[in-house]
Every structure is written in C-alpha cells, then in structure tokens.
Amino acid sequence: MLGSESAVTVDESKAVGLVPAPGDVEVHHPNILHASDADTSPRRRCGLTIRYIPTSTRITSEEQPFVSALLLRGDPGVNVYQPFPAYVPGTHMPFAGAGTR
C-alpha cells in the first residue's frame, strides 16, 4: 500500500486531477493508481480502506484476532474476530442500532 510502486511506467501527463473541497469524500477502486502531494493544511487528511472476505477465508496473520477483523454477519467460520467497540453516547455519533450489541 503505502510506498507501493507500479510495475509499468505511468505517463503522469495523462493524470486527471481531483481537488476535493474540505469535508468531501473520494471513493475509488483499489486497483486505480492514485497519489497526492503532501498535505500542507493545518488539518489532518485521512484514508479508510474497507475489505470484505467470506468467513471461509482463513486469516493467516500471527496476530489473532487480527487487528481489523470484525465479524459483520454470519458464522465466524475459521477465524477469531475482534469484539465490537462499545457505543458511548455523547462521544460517538448516534446511529440506528447504537448500543444494541
């Protein structure tokens, strides 16, 4: 991920620029090459990667339960999963089903 390089030469003159406004969200397919200049603003810029796998896929990391493995539905299958974080009213944004786990 970070620090990865393309196996082919990329013609950056054909790149398409995208300048999101503060608060915007950019969503792309993980196989699309993307990059950005350094963030020089006083506010943080963050990214989020979400991956879904069937519970029949074995997580082979030595760290068990794997740091980002959450069982969203179904039978746990072959893996061990992290417990869901506790919902804290007044700290977390409320959502449908908050505090029901």
- Decide whether Ile50 and Phe84 are clustered together by the hydrophobic rule: side chain heavy atoms of Ile, Leu, Val, Met, Phe, Trp, Tyr closer than 4.5 Å, transitively. yes
- Query: Which pair of heavy atoms, one from Val67 and one from Glu63, lies closest together, and at what distance?
  - Reply: CB-OE2, 3.8 Å
- Message: Using the rule that Ile, Leu, Val, Met, Phe, Trp and Tyr join whenever any side-chain heavy atoms are under 4.5 Å apart, tell me whether Tyr52 and Phe66 fall into a single cluster.
- Response: no
- Query: How many angstroms lie between OH in Tyr81 and CG in Leu70, if you round to the nearest 0.5 Å?
  - Reply: 10.0 Å
- Query: With no hydrogens and no angle check, is any side-chain donor or acceptor of Glu26 less than 3.5 Å from a backbone partner on Pro20?
  - Reply: no
- Message: Taking CD in Glu12 as the centre, count heavy atoms belonging to other residues, nucleotides or ligands within less than 6.0 Å. Is the count above 12?
- Response: no
- Task: Could you state whether Met93 and Val25 fall into the same hydrophobic cluster, counting links through intermediate Ile, Leu, Val, Met, Phe, Trp or Tyr residues with side-chain heavy atoms under 4.5 angstrom apart?
- Result: no
- Query: Please walk me through it: do Asn79 and Leu71 pass side chain to side chain contact (heavy atoms under 4.5 Å, CB included)?
  - Reply: CA-CA 9 Å; Asn79 299 305; Leu71 179 64; over 6 Å; no
- Item | Minimal non-hydrogen separation, Asp39 against Arg44, with atom names | OD2-C, 3.8 Å
- Spell out, yes or no, whether Leu48 and Leu18 are grouped together once hydrophobic residues are joined by side-chain heavy atoms under 4.5 Å, including indirect joins. no
- Query: Between atom CD1 of Ile59 and atom OG of Ser68, what is the distance when rounded to the nearest 0.5 Å?
  - Reply: 7.5 Å
- Message: Angle between ring planes, His34 versus His28, binned at 30° and 60°: parallel, tilted or perpendicular?
- Response: tilted
- Flag side-chain contact, heavy atom, 4.5 Å: Thr55 against Pro76: no
